[in-house]
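Because only heavy atoms are used, hydrogens play no part in the values below, and waters and symmetry mates are left out as well, while side chains stay in.
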Amino acid sequence: MTNINTERRQQPRKKLTTRLLWHVTCVSLALLILTLMVTFWQTYPAAKRDVVTQLQSEVAVKLQANQIHLQGVERQGELLAREFLARYQAFNDDPKLQDDFYDWFDETSPGVWRLQEAFFTSVQRGEHLFKGMSVFVGPQKQPLNDELRARLVISVRTLNELGPAWQELVTNTHLSLPENALAMYSTEQAWGRLAAADLVMTDYSTLRSTLQSENPERQPNWTGLYKDHSAGYWTITYQRPVDLNGKHLVNASFDVSLAQLTRDLSRTVDENIESYVLNAQGALVASSTFSAELSEQRDTLTPENYDDPLYQKIAARLVDHSSNIEQEVWDDIDEDYLVLVQHLGTPEWWYFSIYPKALITNQALYLPYVIAFVGSMLVTAVLLTMAYFVQRQVSRPLTQLAATAALMTEKNYQAIEEQKISRAGMYGEVAQVLQAFRVMAQRFVKANAELEQRVDERTQELHQANRKLDELVHIDGLTGLLNRRAFQTDLAEAVANANNHCYFVMADIDDFKPFNDNYGHEAGDRALVAFATAFQKLPNSRSYRYGGEEFAMLLQAESLAQAEQQLEQLRTRIHQLGIEHKFGRRLGGVLTISFGITQIKQSEPPSELIQRADKNMYRAKQAGGDEIIS
């Protein structure tokens, strides 16, 4: 009894002070959250602008250096083309060129000629020292003629003289011929000695793009990133066709390896920022995400063979709108990244900086974080101060008042009359309430006792009436199962709160009309009651009489297989009832039931769910009955 009284004395204080402090806390937190949201809403665009401005500035500096590099390669290509053409026009008919060809080249296999290996390691021929040179002349449609042999010798001489001048600028220098031949200057690899004997270079897009049939405008071009299988590295190539009197003589060309591209274009200004470089066809030129483990069978990197979803999105948009893109910010191409686009111009490439939006969010959240910290400290200080004064000026007087109320509950009228207001420490409104308690104590307690007695009586009557009403409204009178009204209510709730473990079942007794017609309706009622009893014993389920001999069920199971297993147990239990039925289609001679089961989908119309389960049930009956169809 003492514990009960103590709890009652503390209850008013707990409710009032807790509610007051809770309301103040909620309002304070709501204002703080609103302030944070407004602050973030204002700072995010500014943070985004700062990021874009900074990135554009840093990218501009890097691209300027890259443009100078690539423009230098193009100028050297023009010089190489001019020097070759001058030598070709001056020495093409020199008979010594034919002697040099047979002196310098070996036919390493039928129809395949290569420059001797000594020209790569080091060899003196007349007044010229040859080093770093290799030539591959692949299978030809026609035998080599004097003009082609002269062109090959002139190519070797031109590259030997000019190649060393820009070996630091490019990976290697070469003059490629449309007749499936290539002369290269490289201090690293003798490519002409490594190329496969059956290699037809014009079958590949790199050399094919310079042929007159493929490039009638005779424009220089930069290739996309491709794998040179002979040299064993990824590279891009600059090619400048050289024609004379309508005849395609050679291409002045240079390789810039992936390592050089990574050093220049692919290097990002921040470790969190990725970059891509694409040409107008969407082919990958360079990327900071490039993987060295790419398949050896790939010759180029395009959206079709390079599995990088973000790159594929960027390439698709670039191909569709390349003519209109100069400098843009793409905020909608991916939900996680901000993409900055910069047109290079020389060559016709586009540079993409990929910036994670999460970094912008973190930058924008800095000020809200500061406000949240300061605001939280301030709210905490206010709440502690308020709690102190509420305790002294509200909780304590109300506790004394609650004690008086407890005395009234205990019918201790003498203690209430003897209680001194000054000793209780009560003033003002609290003292007036205490005085009213003293005057009203006896009448209130008497009236309260009478009221409690009447309430108890009415409560019992109402409870019994509600129980009977609930049975009438929700229980089927024959089977004791829940009825159609309860089914509609429960089904709506099940659909609204459906998860992956909730299933709906429709069931119908097989050949029940012949059973009624031959055994009588009383036997049919007994069968319905027996079936209903079996349904009620199935765990994790609620069963309903849907109408006539039809039943419905809401079933909980971890999977469809487990649900079917539970229904199989129920079907077995029904078999065990052994209710004789010699007038049905089945040969077993007992009354059976067919089930249709389906999974409940959240928020789907109940009518569709019922129709789906009903359809499965009728499939079971069409199959001969006594089946479970899902």
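Contact of the V156 side chain with the F105 side chain is registered, since non-hydrogen atoms from C-beta on lie closer than 4.5 Å. Between V153 and W104, the closest side-chain pair of non-hydrogen atoms falls below 4.5 Å. Here the side chains of V123 and R125 are in contact, with some heavy-atom distance below 4.5 Å. Y276 is listed as a side-chain neighbour of L310, based on a closest heavy-atom distance under 4.5 Å. Side-chain atoms of Q239 and T223, non-hydrogen and from C-beta on, do get closer than 4.5 Å to each other. In this structure, F120 and F130 have side chains that are not in contact, with every pair of non-hydrogen atoms separated by 4.5 Å or more. In this structure, V329 and V339 have side chains that are not in contact, with every pair of non-hydrogen atoms separated by 4.5 Å or more. Between F136 and M201 the shortest side-chain heavy-atom distance falls below 4.5 Å.
Residues E188 and S186 have side chains that never bring a donor and an acceptor to within less than 3.5 angstrom of each other. A side-chain N or O of S630 and one of E564 form a donor-acceptor pair less than 3.5 Å apart. Using modelled atom types and a 3.5 Å distance limit, the side chains of S134 and R193 yield no donor-acceptor pair. Side chains of T202 and N180: a donor-acceptor N/O pair is absent below 3.5 angstrom, by distance only. For the residue pair Y88/E83, the side-chain donor-acceptor check at 3.5 Å is not satisfied. Between N160 and H128, the side chains place no donor N or O within less than 3.5 Å of an acceptor N or O (distance only, hydrogens not considered).
In the displayed structure, Q602 atom CD is contacted under 6.0 Å by more than 12 heavy atoms of other residues, nucleotides or ligands. More than 12 non-hydrogen atoms from other residues, nucleotides or ligands lie less than 6.0 angstrom from NZ of K313. Q89 CD: more than 12 foreign heavy atoms inside a 6.0 Å radius. Surrounding CD of E493 are at most 12 heavy atoms belonging to other residues, nucleotides or ligands under 6.0 Å away.
Between N251 and P241, the shortest heavy-atom distance links the atoms OD1-CA, 3.3 Å. Closest heavy-atom contact between F91 and L97: O-CD1, 2.8 Å. Here the closest non-hydrogen pair linking M184 and H174 is CE-CD2, 3.5 Å. T598 approaches R612 most closely through the heavy-atom pair OG1-NE, 2.7 Å. For S176 against L207, the heavy-atom pair with the smallest separation is OG-CD1, 3.4 Å. Of all the heavy atoms in Q312 and Y306, the pair that sits closest is NE2-O, 3.3 Å.
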>> Run L175 and F84 through side chain to side chain contact (heavy atoms under 4.5 Å, CB included) and show every step you take.
In response: CA-CA 9 Å; L175 289 168; F84 171 85; 3.9 Å; yes

> Which is it for I325 and W350 under the side chain to side chain contact (heavy atoms under 4.5 Å, CB included) test, yes or no, and what are the steps along the way?
Replying inline: CA-CA 9 Å; I325 298 175; W350 282 262; 3.7 Å; yes

>> Using side chain to side chain contact (heavy atoms under 4.5 Å, CB included), reason through E328 and L340 one step at a time and then give a plain yes or no.
In response: CA-CA 6 Å; E328 296 182 1; L340 278 71; over 6 Å; no

> Given L284 and T302, is the side chain to side chain contact (heavy atoms under 4.5 Å, CB included) satisfied, shown in steps?
Replying inline: CA-CA 6 Å; L284 190 66; T302 65; over 6 Å; no

>> salt bridge (Lys or Arg N to Asp or Glu O under 4.0 Å) for K357 and D334? Distances and angles first, verdict last.
In response: CA-CA 10 Å; K357 292 181 181 178; D334 191 274; over 6 Å; no

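Contacts of D243 classified as side-chain hydrogen bond (donor to acceptor under 3.5 Å, both in side chains), with partners at least two apart in sequence or in another chain: R218. Every residue two or more places apart in sequence or in another chain was checked for a side-chain hydrogen bond (donor to acceptor under 3.5 Å, both in side chains) with Q565, and none qualifies. Listed by chain and number, the residues in a side-chain hydrogen bond (donor to acceptor under 3.5 Å, both in side chains) with R619 are N616 (sequence neighbours excluded).
Distance check, rounded to the nearest 0.5 Å: OG1 of T206 to CG of L182 gives 11.0 Å. The OG1 atom of T173 sits 8.0 Å away from the OH atom of Y185 when rounded to the nearest 0.5 Å. Here the SG-CG distance, from C502 to N540, works out to 11.0 Å after rounding to the nearest 0.5 Å. Residue Q116 holds its CD atom at 11.5 Å from OG1 of T108, rounded to the nearest 0.5 Å. Rounded to the nearest 0.5 angstrom, L129 CG and S122 OG are separated by 4.0 Å. Taking CD1 of I354 as the start and CD1 of I273 as the end, the distance is 10.0 Å to the nearest 0.5 Å.
Formation of a donor-acceptor pair under 3.5 Å by the S353 side chain with backbone atoms of S275 is not found in this model. With Q71 contributing its side chain and R75 its backbone, the two residues share no donor-acceptor pair below 3.5 Å. Counting only distance, with no hydrogens or angles, the side chain of R240 and the backbone of G77 share no donor-acceptor pair below 3.5 Å. Put simply, the side chain of E214 never gets that close to the backbone of Q212: no donor and acceptor are under 3.5 Å apart. N279 places a side-chain N or O within donor-acceptor distance of the main-chain N or O of Q281, the cut-off being under 3.5 Å. Distance alone, capped at 3.5 Å, places no donor-acceptor pair between the K615 side chain and the I610 backbone. A donor-acceptor contact shorter than 3.5 Å is absent between the side chain of T158 and the backbone of S155.
A salt bridge links E147 with R151: at least one charged nitrogen is closer than 4.0 Å to a carboxylate oxygen. Salt bridge annotation for E161-R87: present, with a cationic side-chain nitrogen under 4.0 angstrom from a carboxylate oxygen.
If you look at F254 and W166, their ring centroids are closer than 6.0 Å. For F101 and W113, the gap between ring centers is short of 6.0 Å.
Taking the six-membered ring where tryptophan is involved, the planes of Y238 and W222 are tilted, since the angle between them lies from 30° to 60°.
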